[in-house]
Amino acid sequence: MADRSLVLTGGTVVDATGSRPADVVVVDGRIAAVGPDLDGDRVLDAGGCVVAPGLVDLHAHLRQPGKEEAETIETGSRCAVLGGFTAVVAMPNTTPTMDSVAVVREVAALGRTALCAVHPSAAITVDRAGDTLTPMADLADLGVRLFTDDGTGVQDGELMRRAMEVAVGLPHDVVLAQHCEDAVLAAGGAMHEGEWSARLGLTGQPHTAEEAMVARDIALATHTGARVHMQHMSTAGSVALIARARADGLAISAEATPHHMLLTHAEVASLDPVFKVNPPLRTEEDVAAVRAGVVDATLDVIATDHAPHTPAAKALPFPEAPPGMLGLEFALGVALAVLDLPLAEVLARLSWRPAAVAGLTDTQGGPVAVGRPANLCVIDPTAEWTVAAGATASLSRNIPYVGRTLRGRVRHTVVAGEPVVVDGSAQR
Ligand code: DOR
C-alpha cells in the first residue's frame, strides 16, 4: 500500500520567494505542511540539501513516436527525473511530426505513464516543412502552449508573421519558439564556421545563420505583439540582439543549453560526432557571452536540447552524423559548475522561469507552499561528480561531458507527490 504521507527532512527550501530551513510534508500529491520538525509515514533525508521546485525543461527530444530505438517517452522521462526535472516539453520533430491533434494526443497519452509530466509541444508548420501552418487553434485547445519547428527554423518570414498573428488571436497564451537558423546561410555546415572548420576542412555554419533569424523574429515580434522564445542561443551576436530587444521593451524569452555554456568548437578537432550539434559549438568568446547572458538573465532559461541518437547513428563520419547531445541528466551539474550565480538564480532559469514561459505555473516551478502540487527536487548543490561513459538512463549514449567534473547532484525527485528518484536512483 502506498505511504500516506511523505516528509523531506533537514533541508533548506529554496524557491522564488526566498530560502529557509524547513521540512516539507506531502500528502495526496500536494504539499501539506512546510516547517520545522515535521513527521510523515515515509521519511526522505534532505540533510545538507536544497529542496526546490522541480526543474522544467522547455526542450527535450523524446523521440516517440518514430525513433524508439534512440529514446522513448519513458526512458527520456527517467533521464529527466534523474536530472531533477519534474516536467519536460516534448519537441515535435517525431515521426510522424507532432503537427496534428491525433499525434499530440498520442504523445500526451504516453506522457501520462511517464516518470514526470510530459507536455507536448506542436509544430508551427505541417510536417515542419515550412509551407503551411498547423491547426494551431485546435492544438492550443488541446493544451499545447509552445509551438516550434525545432530542428529547423521557419524560413519564410511571411509565414512566420502569420503564425505570430494566429498566436496573438488565440484564447490561450501560447509562445512561438524558434530554432534560429537561416537554412541558406547554414547550408552544408556540419560545425561552426571559423578557425577549426578551416583547419579540419569541414564546411561551417557562420554566426550570421543564427543571428539573421534572431533579428528577423525580433522585428516580427515587435510588429505583431506575439510572445516569442529563442531556442538554444549560441552566439555573442544573438545575445546582444536579445539584450537590445529587451531594453526596447519587447517581451521575449531566450534559452541557453548546457553545452553552449561549456564546450567550444575546438572539441570538434577529435572529429568525434558526439560533439556535433545544431546550432554548433562556437568560439570561446561565444561561450563567454552565452554564460554572461545567462548570468544577467538576457537568456532567462536554461534548456537541455536533450537529443538522443543511437550509437550506430553517431558512428557515422562527422559530416554525416546526426546533430544532438544528451542533456537532461547533466544540465544542473553543468549550470552549477560554470555559472557564477547564486543557487536560487540558477534554479530560476531551470525551474520557475521556464514554467512561466510554457504556461505551467499552476503545477510547476513552485513556490514550495501548502496546497501546491508536490513537484520537487532535492539537490546537494556542492557535490562534485565526474561523468562516466555510458552513465545515463537514455537508450542512447551521446554524452559530450565524459571525464568532466560537474557540480550539484540530485538526491531525490518527487513528481505529483510520488518519490520517483530516491538517493539518486530511479524508482521505476
Ligand atoms: O542538435 C540538434 N539536434 N539540434 C536540433 O535542433 C535538433 C536536435 C535533434 O532532434 O536531434
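Please read all numbers here as calculations on a predicted model, not as lab measurements. Counting starts at 1 for both ligands and their atoms, in listed order. Numbers here are sequence positions counted from 1.
Here NE2 of His259 is found 13.0 Å from CZ of Phe330. Values are rounded to the nearest 0.5 Å. For the atom pair Met164 CE and Gln178 CD, the distance stands at 7.0 Å (nearest 0.5 Å).
Judged as a salt bridge (Lys or Arg N to Asp or Glu O under 4.0 Å), the pairs with a partner in residues 336-362 (not counting sequence neighbours) are, in order, Asp300-Arg353, Glu345-Arg349.
Taking 4.0 Å as the cut-off between side-chain N and carboxylate O, Arg30 and Glu418 do not count as a salt-bridged pair. For Glu71 and Lys67, the salt-bridge test fails: no basic side-chain N is under 4.0 Å from an acidic carboxylate O.
Within 4.0 Å of ligand 1, counting heavy atoms only, the contacting residues are His61, Arg63, Asn93, Asp150, Gly151, His179, His232, Val277, Asn278, Asp305, Ala307, His309, Pro323, Gly324.
Here the options are Thr224, Asp217, Asp156, the test is side-chain contact (heavy atoms from CB on, under 4.5 Å), and the partner is Arg161; only Thr224 passes.
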